[in-house]
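Keep in mind that this is a model prediction, so the values were computed, not measured. By convention here, the first residue in the shown sequence is residue 1.
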Amino acid sequence: MQQDDTMPTGLLARWRAIPLYLRIIVGVALGLATGMALGPNAASLALPAKLVLRILGALAPPLILLAIVQALMRAHLGGGQAMRLVTLLLTNTLVAIFIGLFVANVVQPGGWAKIGVPPAAPEKAHGAADPLSQLFDAIPKSIAGPFTDDGTVMGVIFIAVAFGVALRGVRHHEVRTVEDLVHVALTSLIAILHWIVDLVPLAVFGIVASIIGVKGFHDFIALGGFVIAVLLGLFLQACYYLTRVRLQTWVRPLDLLKGVRDALVMAFSTGSSTATMPVTYECLRVNVGLREQSASMGALVGSNFNNDGTALYEAMSALFVAQLLGMHLTLGQQFTVALTSVIASVGAAGIPEAGLVTMTMVFKAVALPTDYIAMLLTVDWLLDRCRTAINVMGDVTVSCLLDGKTKGDPGD
Ligand code: ASP
């Protein structure tokens with residue numbers, strides 16, 4: 001799918017000429033400095049950032065819908081391909097969990113943690129009726145939301161304005177077939193996505209500043225062993241992906257990392273693989289040169305089920321808390337952890353800290369106290385970002401594997 005929107009000029013053109021990952025890195029750096037300078041006062045900077053992420057989240061479902069419709073219409077999706085996708089997703093997730101359990105058993109992070117106290121309850125968001133949060137509430141959570149019984153007129157207006165402006169770019173496009181219609185819909189959706197993606201570096205600035213200001217780094221010392229073990233596990237998973245790409249696809253690992261760095265940096269800075277999804281897809285199509293079919297199957301369809309970083313993290317957290325409490329998990333119990341982690345990771349939405357919610361399932365399966373999950377919240381803002389980047393790297397890997405050993409023709 002190509003972008004048909006009109007060429008931006010002036011300041012916007014210059015802003016877009018800087019690679020996205022650089023713009024995001026600048027956002028992170030400025031956010032770090034502002035968070036440290038303002039402390040807890042930086043909390044309010046999170047709201048505009050959440051707004052941008054919310055719009056991206058609302059745009060993801062129609063994007064998936066239209067991509068699948070277009071792929072099916074062009075007879076790109078076969079049953080064999082779907083089976084292959086399922087097999088790839090499952091093997092990658094199982095390897096992730098195996099790595100997680102292996103590292104947790106070897107490193108034994110629970111042995112070095114200096115935390116014995118039951119965790120505090122997570123802080124509640126303080127949102128009152130200030131104008132910004134009212135605006136925030138008016139932004140639809142999904143494209144269809146404003147048209148339901150609970151919808152607001154403001155939501156309909158938002159959608160109308162967005163599509164009205166986006167369609168200006170393609171208003172002379174002739175629509176003669178159903179395929180043209182889907183193409184125009186997809187093109188205008190992508191035009192809207194590009195505007196929002198332009199705001200991502202600013203959103204990143206707000207999120208980073210508020211998190212550093214409110215949470216800071218102190219809990220990293222107490223939970224240091226756990227943080228290091230998780231980072232090691234995620235690093236090993238990344239090595240596994242790159243090895244698989246090297247051996248089983250035409251893509252060179254270094255070219256791949258270079259091609260998808262916008263997506264990886266965005267995943268790290270937003271903590272949301274769903275918000276990153278459109279960028280991942282574009283990187284795979286435009287920079288790496290995968291076939292449309294492979295990119296949409298891996299990055300748009302597969303992405304919803306593919307959260308290897310989350311699976312690895314959930315399995316490791318269960319083992320960590322067990323070690324902390326001096327409970328020994330038998331091999332059978334670790335197998336239960338693995339099995340429930342697969343399910344829990346599939347159920348985790350691609351939004352920040354979703355993994356902590358589904359983690360309760362893994363804890364309950366082996367009778368671990370779920371209260372301890374809240375303790376992980378203090379370091380989760382960083383670990384979430386790292387596992388989200390691995391989740392996106394998983395989508396990228398699956399797309400490459402689906403593309404196979406030979407490069408497709410441009411435009412495939
Ligand atoms: N934040 C992760 C994602 O968007 C999900 C998680 O919390 O593990 O992929």
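- Side-chain contact between Cys400 and Leu256 is present, with heavy atoms from C-beta onward closer than 4.5 Å.
- Annotation: the span from Leu94 atom CG to Leu90 atom CG amounts to 4.5 Å, rounded to 0.5 Å.
- In this structure, Tyr372 and Met359 have side chains that are not in contact, with every pair of non-hydrogen atoms separated by 4.5 Å or more.
- With rounding to the nearest 0.5 Å, the separation of OG in Ser210 from CZ in Phe205 is 10.0 Å.
- Crowding of Arg252 atom CZ: a count of heavy atoms from other residues, nucleotides or ligands under 6.0 Å exceeding 12.
- Here Asn92 pairs with Tyr240, Arg244 under the side chain to side chain donor-acceptor pair (under 3.5 Å) rule; sequence neighbours left out.
- A donor-acceptor pair under 3.5 Å is absent between the side-chain atoms of Arg385 and the main chain of Gly271, judged by distance alone.
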Next item on the list: Given side chain to side chain contact (heavy atoms under 4.5 Å, CB included), test Met393 with Leu242 step by step and report yes or no.
Entry: CA-CA 9 Å; Met393 207 166 160; Leu242 293 179; 3.8 Å; yes
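- With Asp262 contributing its side chain and Val279 its backbone, the two residues share no donor-acceptor pair below 3.5 Å.
- Within a 6.0 Å radius of CG in Leu247, other residues, nucleotides and ligands contribute more than 12 heavy atoms.
- Considering every non-hydrogen atom in both Thr340 and Met361, the closest pair reads O-CE, 4.1 Å.
- With hydrogens and angles left out, the side-chain atoms of Tyr313 and Asp380 include a donor and acceptor closer than 3.5 Å.
- Put simply, the side chain of Thr280 does not reach to within 4.5 Å of the side chain of Val260, judged on heavy atoms.
- Two residues are said to be in side-chain contact when any heavy atoms from C-beta on lie closer than 4.5 Å; Met316 and Leu312 meet this criterion.
- Atom CG in Leu202 sits 9.5 Å away from atom CZ in Arg23 (nearest 0.5 Å).
- Between the CG atom of Asn287 and the CG atom of Asp255 there is a distance of 11.0 Å, given to the nearest 0.5 Å.
- Side-chain atoms of Asp395 do not come within 3.5 Å of backbone N or O of Ala299 as any donor-acceptor pair.
- A donor-acceptor contact under 3.5 angstrom links the side chains of Glu314 and Thr358, judged on distance only.
- Side chain to side chain, Tyr241 and Asp308 meet the donor-acceptor criterion of an N or O pair below 3.5 Å.
- Nearest heavy atoms, Val362 versus Ala344: CG2-CB, 3.9 Å.
- Remark: side-chain polar atoms of Thr336 are paired, donor with acceptor, to backbone N or O of Gly332 under 3.5 angstrom.
- You'll find the side chain of Ser317 reaches within 4.5 Å of the side chain of Leu376, heavy atoms only.
- Using a distance-only test at 3.5 Å, with no hydrogens or angles considered, no donor-acceptor pair links the side chain of Arg387 to the main chain of Asn307.
- Taking both residues in full, the closest heavy atoms of Ala318 and Val337 are given as CB-CG1, 4.2 Å, listed atom of the first, atom of the second, then distance.
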Note to self: Please determine whether side chain to side chain contact (heavy atoms under 4.5 Å, CB included) holds for the pair Phe268 and Thr388, giving the CA-CA distance in whole Å, both sets of side-chain angles, and the decisive distance to 0.1 Å.
What the structure shows: CA-CA 6 Å; Phe268 179 80; Thr388 306; over 6 Å; no
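- Residues Leu88 and Thr397 have side chains not in contact (no heavy-atom distance under 4.5 Å, counting atoms from C-beta outward).
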Note to self: Could you go through Asn306 and Asn391, starting from their C-alpha distance and side-chain angles, then the distance that decides it, and tell me whether this counts as side chain to side chain contact (heavy atoms under 4.5 Å, CB included)?
What the structure shows: CA-CA 7 Å; Asn306 191 24; Asn391 287 346; over 6 Å; no
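- No side-chain heavy atom of Thr330 sits less than 4.5 Å from a side-chain heavy atom of Phe335.
- Separation of atoms CE (Met266) and CG (Leu20) is listed at 7.0 Å; rounding is to 0.5 Å.
- Between the side chain of Ser303 and the main chain of Leu300, no donor-acceptor pair closer than 3.5 Å is present.
- In this structure, a donor-acceptor pair under 3.5 Å is present between the side chains of Asn105 and Gln334.
- Nearest heavy-atom pair across Ile97 and Ala315 is CG2-CB, 4.0 Å.
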Next item on the list: I would like to know whether Leu290 and Arg285 meet side chain to side chain contact (heavy atoms under 4.5 Å, CB included); could you show each step before the answer?
Entry: CA-CA 5 Å; Leu290 296 191; Arg285 284 290 288 148; 5.6 Å; no
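- Side-chain N/O atoms of Ser294 and Asp403 include a donor and acceptor closer than 3.5 Å.
- A pairwise comparison of heavy atoms in Gly355 and Thr310 identifies CA-CG2, 3.8 Å as the closest pair.
- Closest approach of Ala263 and Val392 over heavy atoms only: CB-CG1, 4.2 Å.
- The structure places CG of Leu368 at 9.0 Å from CD1 of Ile373, a figure rounded to the nearest 0.5 Å.
- Considering only residues two or more places apart in sequence or on other chains, Thr249 meets the side chain to side chain donor-acceptor pair (under 3.5 Å) condition with none of them.
- Contact of the Cys386 side chain with the Leu231 side chain is registered, since non-hydrogen atoms from C-beta on lie closer than 4.5 Å.
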